[in-house]
Amino acid sequence: MKKEAAITDVTPHSQLTMQVVDHVRSLIASGEVKPGDRLPPERELARELKISRSSLRAGIGFLSAMGVLKSRHGAGTFVSSGPPALDSSSLSVLGALHGFLPWQMFEARLVLESSIAALAAERATDEHVAELAEEVAEMYAALTDPQEYLIHDVRFHRTIARAAGNPILGALMETITANLYDYRSKTVEKAQDLKESAEMHREIFRAIKSRNPALARQTMEKHLNLARTAQAAEIEQAQPSQISIADTSEPARIISG
């Protein structure tokens, strides 16, 4: 245990996350695991990577939020069906977007996601609607587990992007949601009212399900503006060491989920 703690202490959070991502990518590329297969047990993976299990879970959480992995309670962690886009822009975001200011990311989300929600209300399939319903239900089930809640929060937004039916917008949202997950995973434990957040996501879901583009756009804008305030409160409560210098440059303008 002491050895694991020492490794975690000297290795940056994002570096450990990408170490897990790279390892899973190699397992898939080599054919050792395929879509639908279960990953080796956490204890085995952590020992192989020489990291703590908490650091391993951070990497697995990232991949789950990106849709590459899916955890099943009591069964383990599985590679999602379909070709996982491990080499997409979503996985290079930690470097590519490192210099972006939080308020700029929020502004981009507001412009993109409000329009994406409107398109999703027009184009979502029954399967998309069912996936959104599942993610909302999982958010309510995870109200006492902020890290688990965040995974379903991010997956909800990714599903809306897919439902919009435009692969270019989808690629842009992959970049943004990857950055969102990595950033907010450091502060979400300080979240004060996840129930309010879940209710806002439910409103967005209902607008999309009812095929109302104007309402979907309006509820998404409302959600992002409220979430921005909530995220700012999380930052104020978080330890300074958890947030980088760039992240704290404008604390009143923080992106959120």
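Along the sequence shown, residues carry numbers from 1.
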First locate atom [atom1] of [X], then atom [atom2] of [Y], and finally report the distance between them rounded to the nearest 0.5 Å.
X: L143; Y: E138; atom1: CG; atom2: CD; value: 11.5 Å
X: I116; Y: N166; atom1: CD1; atom2: CG; value: 8.0 Å
X: R158; Y: M173; atom1: CZ; atom2: CE; value: 9.5 Å
X: L194; Y: H201; atom1: CG; atom2: NE2; value: 10.0 Å
X: E107; Y: L112; atom1: CD; atom2: CG; value: 11.0 Å
X: R206; Y: K209; atom1: CZ; atom2: NZ; value: 9.0 Å

Is the shortest distance from a Lys or Arg side-chain nitrogen in [X] or [Y] to a carboxylate oxygen in the other one below 4.0 Å?
X: R211; Y: E122; value: no
X: E131; Y: R155; value: no
X: R53; Y: E48; value: no

For residues [X] and [Y], determine if any side-chain heavy atom of one lies less than 4.5 Å from a side-chain heavy atom of the other.
X: F205; Y: I160; result: no
X: R228; Y: L224; result: no
X: Y140; Y: R202; result: yes
X: F62; Y: V21; result: yes
X: S64; Y: I60; result: yes
X: L169; Y: L119; result: yes

Does any donor atom in the side chain of [X] or [Y] lie under 3.5 Å from an acceptor atom in the other side chain?
X: E203; Y: H223; value: no
X: R217; Y: S115; value: yes
X: T144; Y: Y149; value: no

Treating [X] as the side-chain partner and [Y] as the backbone partner, does any N or O pair qualify as donor plus acceptor under 3.5 Å?
X: S55; Y: I51; answer: no
X: K50; Y: R47; answer: no
X: Q19; Y: L49; answer: yes
X: R123; Y: A163; answer: no
X: D37; Y: K34; answer: yes

Check your understanding: Mind checking what makes side chain to side chain donor-acceptor pair (under 3.5 Å) contact with D145, not counting sequence neighbours?
Key -> none

Review point. Excluding sequence neighbours, so at least two apart, what forms side chain to side chain donor-acceptor pair (under 3.5 Å) with E148?
Key: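 Expected list: H152.
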
Practice item. Give the cluster check for F78 versus I151: same hydrophobic cluster or not, with ILVMFWY residues linked at side-chain heavy-atom distances below 4.5 Å. Key: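 Hydrophobic grouping puts F78 apart from I151.
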
Minimum-distance pair of heavy atoms, taken over all atoms of [X] and [Y]:
X: A124; Y: I208; answer: CB-CG2, 4.1 Å
X: A216; Y: A121; answer: CB-CB, 4.0 Å
X: L69; Y: V79; answer: CD2-CA, 3.9 Å
X: S210; Y: A207; answer: OG-O, 3.0 Å

Review point. Around atom CD of E127, are there more than 12 heavy atoms of other residues, nucleotides or ligands at under 6.0 Å?
Key: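 Incorrect, the count does not exceed 12.
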
Practice item. Please step through salt bridge (charged side-chain N to carboxylate O under 4.0 Å, His left out) for the pair E44 and R38, ending with a clear verdict. Key: CA-CA 13 Å; E44 180 181 329; R38 183 172 61 183; over 6 Å; no

